[in-house]
Trainee: 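Okay, handing you the structure first.
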Amino acid sequence: MTGLYLNNIIRFILLVIVQVLILNNINFGGYVNPFLYVYFILLLPFETAGWLLLISSFLIGLTIDIFSGTPGMHASASALIAFFRPAIIKIIGSSREYETGMQPSIRDLGFRWFITYSFFMILIHHTALFMVEVFRLSGLFDTVKRAIFSTIFTLVLVIITQYLFSRTTRRK
Amino acid sequence: MRYLFAYILKHYFVFLFILLEVFSFSLVVQNNYQRATFLNSTYAFTGKIFAAYSNITDYFSLKKANEELLEENVGLRNRLESTLPLPDTNPFYSYDSTYRYIGAKVIKNTISRQKNYLMLDKGWKQGIQKDMGVTTARGIVGTVIGVSENYSMVMSILNIDNRINARIKKNNHLGNMEWDGKNYRFGLLTDIPVHLKLNNGDTIITSGNSQIFPEGIPFGKVDEYYEIKNEKFNTARIEYFEDYNQLYYVYVIINLNIEEQKELESSLP
């Protein structure tokens with residue numbers, strides 16, 4: 001159990017570093033950027049208590065905010081997907097029998113489940129994020145376009161990360 | 001009992017969520033002053049990290065920075081030689097003397113957001129104050145909106161909230177420079193009177209009306225001129241001379257007369 005906590009804390013720190021120092025400087029076509037740090041929220045264990053899910057998601061958002069100079073933006077979007085996460089998991093459902101210690105990962109629930117789950121989570125997060133960033137309704141179409149393209153970008157990174165790291169966990 | 005418990009549990013989740021969102025949004029809707037205060041309090045910590053990171057990545061852009069400095073030196077030298085033989089004969093250039101420059105390094109810069117900001121490695125200890133303009137050799141960068149001891153935050157020209165007074169060089173007409181949040185290479189010059197004819201390549205300069213930037217700094221050229229029928233004002237797409245993705249060294253402008261100008265302005269009813 002402590003290993004699980006430690007795992008998530010290390011993931012938190014690593015993702016913040018990668019996001020702030022590398023990914024924040026990356027963009028395609030001028031306005032498409034990836035926010036891989038949501039990977040932390042995606043991979044929180046199913047058993048995570050509601051308060052812990054909300055608080056830890058909020059905290060990673062706030063940490064990104066502090067380093068990106070965007071007070072409140074990432075914190076609000078992250079808390080939002082943490083709030084919707086239980087509902088999304090329920091709606092998507094799964095054909096596989098639930099077992100304790102199961103992770104929201106490709107290894108445990110399959111590629112199709114994981115990509116659907118990640119897509120909706122990231123899409124909600126990015127849409128909220130870009131709406132809050134602009135904070136006005138004009139140019140709504142552009143905002144939605146940015147959100148969709150960035151979602152695809154982030155999703156690709158999430159899946160790459162998932163394959164890179166699931167290999168190491170399997171070896172354990 | 002079980003249902004009641006579940007009910008309370010469900011509500012605590014919603015309640016906590018609302019609390020977190022209210023807190024986040026109180027941070028989001030801050031005005032620039034509050035935003036600067038929030039960032040200044042975090043800069044003491046994050047500034048050090050970005051400065052250290054920048055120390056590493058700087059080496060990769062040294063060559064380009066050198067080339068740019070060389071180019072700028074050539075420009076400055078040319079100006080020097082042409083103005084030296086005729087000291088003080090042109091009174092129209094006297095405004096130049098009211099501005100001083102501080103060189104600073106960009107340690108953090110974004111271009112992909114709707115509201116972009118930069119962080120510079122100089123703060124009030126080095127003489128930087130709020131509302132100072134920031135330029136490079138090839139154009140304008142933005143306005144200082146927050147200062148801490150050793151760092152300062154600049155609202156980039158690539159910020160949908162930023163409006164800068166600009167002038168069309170060939171006919172001295174004024175317009176407003178805005179950014180539409182789309183492509184970081186282009187901005188919009190709005191409020192151009194319809195009777196004006198603009199051609200592609202016309203230079204856009206700072207107007208000197210803002211007290212922030214000296215007059216006549218060229219920063220962009222007309223890329224496309226939109227003439228809309230039955231409108232009082234037209235809009236033009238402006239291509240910036242500076243590539244804001246490659247900012248490295250910038251100049252912070254000190255307007256020595258800003259106090260006097262502000263005083264005069266506020267003395268008017």
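Each chain gets a letter, A, B and so on, in the order its sequence line appears, and its residues count up from 1.
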Trainee: Can you say whether S68(A) sits under 4.5 Å from chain B via the side chain, the backbone, both, or neither, judging by heavy atoms?
Mentor: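 Both parts, backbone and side chain.
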
Trainee: Tell me, side chain or backbone of F17(B) under 4.5 Å from chain A's heavy atoms, or both, or neither?
Mentor: both

Trainee: Side chains of I140(B) and E242(B), heavy atoms from C-beta outward: is any pair under 4.5 Å?
Mentor: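 No - every pair of side-chain heavy atoms lies 4.5 Å or more apart.
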
Trainee: Quick one: what part of L158(B) sits under 4.5 Å from any heavy atom of chain A, side chain, backbone, both or neither?
Mentor: neither

Trainee: Tell me every residue that passes side-chain contact (heavy atoms from CB on, under 4.5 Å) with L21(A), counting only those two or more places apart in sequence or in another chain.
Mentor: I17(A), F50(B), Y53(B)

Trainee: Of the listed residues (L20(B), L16(B), N245(B)), which shares the most heavy-atom pairs with chain A below a 4.5 Å separation?
Mentor: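 Greatest number of close heavy-atom pairs with chain A: L20(B).
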
Trainee: Contact part of D180(B) toward chain A, heavy-atom cut-off under 4.5 Å: side chain, backbone, both or neither?
Mentor: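 Answer is neither: D180(B) stays 4.5 Å or more from chain A.
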
Trainee: What about the rings of H125(A) and Y37(A), do their centers lie closer together than 6.0 Å?
Mentor: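 Distance test on ring centres: under 6.0 Å, yes.
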
Trainee: Taking atom NZ as the centre, does K105(B) end up with more than 12 heavy-atom neighbours from other residues, nucleotides or ligands that are less than 6.0 angstrom away?
Mentor: yes

Trainee: Would you tabulate the side-chain donor-acceptor contacts of residues 79-91 of chain A under 3.5 Å, counting partners in other chains and residues two or more places apart, or write 'none'?
Mentor:
| from | atom 1 | to | atom 2 | distance (Å) |
| --- | --- | --- | --- | --- |
| R85(A) | NH1 | I41(A) | O | 3.0 |
| R85(A) | NH1 | L42(A) | O | 3.3 |
| R85(A) | NH1 | L44(A) | O | 2.9 |
| R85(A) | NH1 | Y117(A) | OH | 3.2 |
| R85(A) | NH2 | L44(A) | O | 3.0 |
| R85(A) | NH2 | P45(A) | O | 3.1 |

